[in-house]
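A, B, ... follow the sequence lines: proteins, then strands. Residue 1 opens every chain.
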Protein chains: 2
Amino acid sequence: MKLSEGVEAAIHCAATLAGLEDGATIPGSALAAQFSLSPSYLLKHLQALAGAGILESVPGPAGGYRLARAAERISLLDIVMAVEGPQPAFRCGEIRRNGPVKLPDAAYVKPCGIKVAMLRAEKAWRTALAAEKLSAIVADFRKDADPRSVAAACAFVAQHRRPQKPVSGT
Amino acid sequence: MKLSEGVEAAIHCAATLAGLEDGATIPGSALAAQFSLSPSYLLKHLQALAGAGILESVPGPAGGYRLARAAERISLLDIVMAVEGPQPAFRCGEIRRNGPVKLPDAAYVKPCGIKVAMLRAEKAWRTALAAEKLSAIVADFRKDADPRSVAAACAFVAQHRRPQKPVSGT
DNA sequence: TTATCATGGATAAATTATATCCACAATCAG
DNA sequence: CTGATTGTGGATATAATTTATCCATGATAA
């Protein structure tokens, strides 16, 4: 069982976008280049994040992606669910019913205890993921990471950001 | 992201084997039939469980599988790790290093904060899985499940168990 | 008008999960 | 010993999923 590599990419991109000032954007192609990822494929994930309301997209020559809400209100669970889908990792196939001896459906109204136990454990995972906020990850990075790495990240943002376009009237 | 179906099968088989008296076994082919699973493929998972020390196998016409230790000391984490492998679900590809600006390795001695956060959340999942004991699942099943279902499970064990062979001296 | 960028669909390649088969070793019954 | 039953392990085929690419389209700023 493993998470898709898209999750790692999505989190890194979201963390990068958290460094933007209000309204500014970074194009998807720049994000792909920053992590040496396939642009076409990364866009798929960025679109998933946008569809989930985590990112906003701005079309046009000055467009790109930005966070749709404050980093304090974006958790790793939000990102994982946007990329991987909402389904739980454990999916009960109800194989308890597959034996040669067939019982009526009424014998299976209570949920399978194995499913209950597995989902209970998975709930703990989701709770922990929901507690990991994007804002905390960015703050820890700026505080603890190597200064050269922090400087490089800031330089990337400064180089590729597109400032907020003025609100164009009619 | 999803767990393989083998996990569900492995847990059901282990729970079934927990109903055996000391030393008795059930052949893998009977377990496969009980859950309408591919015998050849289920055996792969049973072998993985045996290799991990969760099950014991007994060859020969009176052979089969049984728990290698008490159900109280078998957790869902043990089974999941035996079937899925020990690797974490989140695997850090160190894509933080992949940008066009290359920094020396010394700039990356501190672990990636995203990896740390993801593994911290995953740890909560493993802890919760480790707390789910096979003995509790079996006890809950006998106490709460539909009596017809419990009776069917007991009948299956009674029909297919192979009693412990007497210790044969030289 | 032109260049840049996001969107969405179609599709191919690579990887992993699922499933099957076969030759072999171990064990027990007769 | 012989034959039947069972687990072991490797090789291999099939299906599903993930990863990656491409192209046509619409939106927007210069």
Side-chain angles (χ1 to χ4, degrees), chain A residues 1-10 13 17 24-33 35-51 55-66 68 83-85 87 89 91 93 95 160-169, chain B residues 1-10 13 17 24-33 35-51 55-66 68 83-85 87 89 91 93 95 160-168 170:
Chain A
M1 173 241 5
K2 82 183 180 70
L3 288 167
S4 80
E5 297 174 12
V7 170
E8 182 182 9
C13 288
L17 293 174
T25 64
I26 290 179
S29 56
L31 291 168
F35 301 113
S36 292
L37 295 169
S38 151
S40 318
Y41 191 48
L42 178 63
L43 287 192
K44 284 276 189 294
H45 296 311
L46 294 178
Q47 287 172 25
L49 293 174
L55 301 186
E56 280 176 353
S57 61
V58 176
Y65 291 93
R66 64 186 169 216
V83 175
E84 294 275 338
Q87 300 174 317
R91 294 158 204 188
I95 64 174
H160 293 282
R161 75 174 165 202
R162 308 288 181 79
Q164 181 179 28
K165 57 175 186 285
V167 178
S168 59
Chain B
M1 171 242 6
K2 80 184 183 72
L3 289 166
S4 79
E5 298 175 11
V7 171
E8 182 182 8
C13 288
L17 293 174
T25 65
I26 290 179
S29 56
L31 290 168
F35 300 113
S36 293
L37 296 169
S38 150
S40 317
Y41 191 48
L42 178 62
L43 287 192
K44 283 276 188 295
H45 296 310
L46 294 178
Q47 285 172 26
L49 293 174
L55 301 187
E56 280 176 353
S57 60
V58 177
Y65 291 93
R66 66 187 168 214
V83 174
E84 294 276 336
Q87 299 173 317
R91 294 160 205 187
I95 65 173
H160 293 281
R161 76 177 163 197
R162 308 291 180 79
Q164 182 180 27
K165 57 176 187 285
V167 178
S168 58
T170 311

- Query: What nucleotide among C/dA6, C/dC28, D/dA29 has an atom nearest to a side-chain atom of A/P59?
  - Reply: C/dA6

- CG of B/L49 versus P of D/dG9: gap in Å, rounded? 14 Å

- Item | Atom-pair distance (CD on B/Q87; P on C/dT16), nearest Å | 10 Å

- Query: Roughly how many Å is it from CD in A/Q47 to C1' in C/dC5, rounded to a whole number?
  - Reply: 12 Å

- Search all heavy atoms of A/P163 against all heavy atoms of A/A24 and return the closest pair with its distance. CA-CB, 4.1 Å

- Take atom CG of B/L43 and atom P of C/dA25, then tell me their distance rounded to the nearest Å. 19 Å

- Query: Looking only at side-chain N and O atoms, does A/R162 come under 4.0 Å of OP1 or OP2 in C/dC5?
  - Reply: yes

- For the side chain of B/S57, starting at C-beta, report the closest nucleotide among D/dT8, C/dA6, D/dA29. D/dT8

- Item | For B/I26 against B/R161, the heavy-atom pair lying closest together | CG1-CA, 4.0 Å

Could you list all N or O pairs between the protein and nucleotides 16-25 of chain D that sit under 3.5 Å apart?
| residue | atom | partner | partner atom | Å |
| --- | --- | --- | --- | --- |
| D/dT19 | OP1 | A/E5 | N | 2.9 |
| D/dT19 | OP2 | A/Y41 | OH | 3.2 |
| D/dT21 | OP2 | A/S38 | OG | 2.7 |

- Item | Distance-minimising heavy-atom pair for B/Y65 and B/A50 | CE2-CB, 4.5 Å

- Item | Contacts of type side-chain hydrogen bond (donor to acceptor under 3.5 Å, both in side chains), residue B/E84, not counting sequence neighbours | B/S4

- B/Q47: what forms a side-chain hydrogen bond (donor to acceptor under 3.5 Å, both in side chains) with it, not counting sequence neighbours? none

- Whole-Å gap separating C1' (D/dG7) and CG (B/L46): 10 Å

- Output yes when a side-chain donor or acceptor of B/E5 lies under 3.5 Å from a complementary backbone atom of A/G93, and no otherwise. no

